[in-house]
Amino acid sequence: MKIATWNVNSIRARADRLEQWLLRSDVDVVAIQETKASDENFPWDLFEKNGYEVAHFGLNQWNGVAIASRVGLDDVERTFVDQPHFGKIEDEIHAEARAMAATCGGVRVWSLYVPNGRAIGDPHMPYKLQWLDVLKNHAIAWLQEDPEAQIALCGDWNIAPRDEDVWDIDLFRREGYTHVTDEERAAFHAFEEAGFIDVVRPYHPGPGTYTYWDYTQLRFPKKQGMRIDFVLASPALANRVSGALIDREERKGKGASDHAPVIVELD
DNA sequence: ATGTCCCTGACACAGGGA
């Protein structure tokens with residue numbers, strides 16, 4: 001069985017490439033982030049005509065997550081319990097469309113689009129950290145409840161856990177960029193301390209291994225990327241992993257997302 | 001090649017997000 005995670009940066013703009021990628025990659029499950037679509041304009045047919053069931057959670061043009069599966073799609077859950085909100089007091093406050101889960105082929109798959117902290121000192125940064133903290137507490141509870149649970153926390157984590165996960169850590173430090181701060185890294189490592197394992201890194205160690213390249217500044221041809229998309233597997237699921245792929249080919253050419261798909265193979 | 005891309009509102013391009 002193959003499980004993938006991919007930030008598509010608009011599922012409508014990516015429809016043709018996504019369909020070709022489904023045919024080529026032969027994945028059984030894909031957790032999708034940043035659909036930038038509401039449920040009303042989500043391309044349901046794209047999945048159904050290729051043999052996938054699909055569930056989507058989208059409220060407007062921002063965020064949006066989906067899970068497609070050809071090995072079952074059960075117990076769909078939209079947002080996690082007590083998912084932090086973001087909004088000014090005077091605005092309508094709602095939980096953003098950044099998290100959903102489904103059980104696919106016996107695996108509890110989460111599609112996660114972790115908030116972008118935007119900038120150090122920006123209110124989106126404590127929102128990001130709080131969002132991760134609440135999710136981490138759930139992750140701990142899930143494993144306490146069932147140590148053998150097969151859980152895949154898939155998504156765009158918007159964190160580069162190690163210095164080698166960005167092309168120039170000195171630049172990030174000098175400019176005070178996000179994604180590499182101690183606080184963000186601690187929030188990520190808390191999942192590892194809870195027992196979840198980055199199952200891709202052992203197959204594709206760094207330095208120079210990335211999953212995202214900014215559209216600007218010729219970042220992709222210059223090989224200036226960031227490793228921010230991860231599949232964190234529970235211990236029982238990690239034991240089944242037999243391979244992994246960062247599909248860098250999919251970042252090439254016209255109409256590519258700025259993120260590459262990340263694929264995990266299970267025995 | 002791959003020297004931003006994508007969305008919306010509204011009809012041209014500004015504004016917002018990444």
Side-chain angles (χ1 to χ4, degrees), chain A residues 5-21 31-43 46 56-66 84-88 90-99 111-129 131-132 154-160 165-168 171-172 175-181 184 188 208-230 246-262:
Chain A
T5 186
W6 189 12
N7 178 322
V8 296
N9 185 11
S10 172
I11 199 157
R12 286 171 289 167
R14 220 63 62 211
D16 290 344
R17 284 189 67 133
L18 174 54
E19 184 166 17
Q20 292 308 308
W21 178 81
I32 296 169
Q33 300 87 40
E34 257 203 299
T35 62
K36 290 188 169 179
S38 60
D39 288 344
E40 288 69 30
N41 53 26
F42 184 82
L46 186 160
H56 177 244
F57 174 33
L59 299 169
N60 49 40
Q61 73 269 42
W62 307 122
N63 316 306
V65 286
H85 299 178
F86 186 90
K88 295 172 184 158
E90 62 268 29
D91 292 344
E92 182 187 1
I93 294 178
H94 61 77
E96 295 179 311
R98 293 180 175 276
S111 182
L112 304 166
Y113 181 38
V114 175
N116 187 310
R118 298 196 180 188
I120 295 170
D122 188 289
H124 287 84
M125 183 60 82
Y127 168 53
K128 175 182 193 172
L129 298 173
W131 197 96
L132 286 164
C154 305
D156 174 0
W157 292 72
N158 270 318
I159 296 172
D165 295 337
V166 298
W167 80 93
D168 185 348
L171 174 70
F172 276 64
E175 298 294 329
Y177 290 161
T178 60
H179 294 59
V180 297
T181 66
E184 290 165 288
F188 184 88
T209 301
Y210 309 122
T211 65
Y212 162 85
W213 299 260
D214 197 298
Y215 284 125
T216 67
Q217 309 287 125
L218 282 174
R219 293 295 185 216
F220 185 65
K222 289 179 180 172
K223 305 186 189 308
Q224 297 177 336
M226 302 168 69
R227 189 202 290 257
I228 56 175
D229 300 272
F230 297 96
I246 298 171
D247 192 356
R248 196 177 166 281
E249 291 300 306
E250 183 53 39
R251 180 63 180 79
K252 297 180 179 177
K254 186 173 176 61
S257 170
D258 41 4
H259 294 252
V262 177

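On a predicted model such as this, the values are computed, not experimentally measured, just so you know. Basis for what follows: all heavy atoms, side chains included, without hydrogens, waters or symmetry-related copies. By convention in this document, chain letters (A, B, ...) are assigned in the order of the sequence lines, proteins followed by strands, and residues within each chain are numbered from 1.
Comparing B:dT8, B:dG17, B:dA1 by their closest approach to the side chain of A:W62 singles out B:dG17. Listed nucleotides: B:dC6, B:dT2, B:dT8. Nearest to the side chain of A:R12: B:dT8. Out of B:dG17, B:dT2, B:dT4, the shortest distance to the side chain of A:T216 is found at B:dT4. The side chain of A:R98 has B:dA18 as its nearest neighbour among B:dA18, B:dC7, B:dT2. Closest contact between the side chain of A:Q61 and the listed nucleotides B:dT2, B:dG17, B:dC7 involves B:dC7.
Considering only side-chain N and O atoms, A:R118 lies under 4.0 angstrom from the phosphate OP1 or OP2 of B:dG17. Note on A:R248: every side-chain N or O is 4.0 Å or more away from OP1 and OP2 of B:dT2. For A:R14 and B:dC5, the shortest distance from a side-chain N or O to OP1 or OP2 is not below 4.0 Å.
Pairing for B:dA10 is absent, with no Watson-Crick or G-U wobble pair whose two atom distances lie under 3.5 Å.
Residue A:H259 is tested with A:D229, A:N9, A:T5 for a side-chain hydrogen bond (donor to acceptor under 3.5 Å, both in side chains); the sole match is A:D229.
You'll find the ring centres of A:F86 and A:H124 inside the 6.0 Å limit.
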Step-by-step side chain to side chain donor-acceptor pair (under 3.5 Å) determination, A:S257 to A:E250: CA-CA 8 Å; A:S257 170; A:E250 183 53 39; over 6 Å; no
Give the intermediate values and the outcome of side chain to side chain donor-acceptor pair (under 3.5 Å) for residues A:D247 and A:W21. CA-CA 10 Å; A:D247 192 356; A:W21 178 81; 3.0 Å; yes
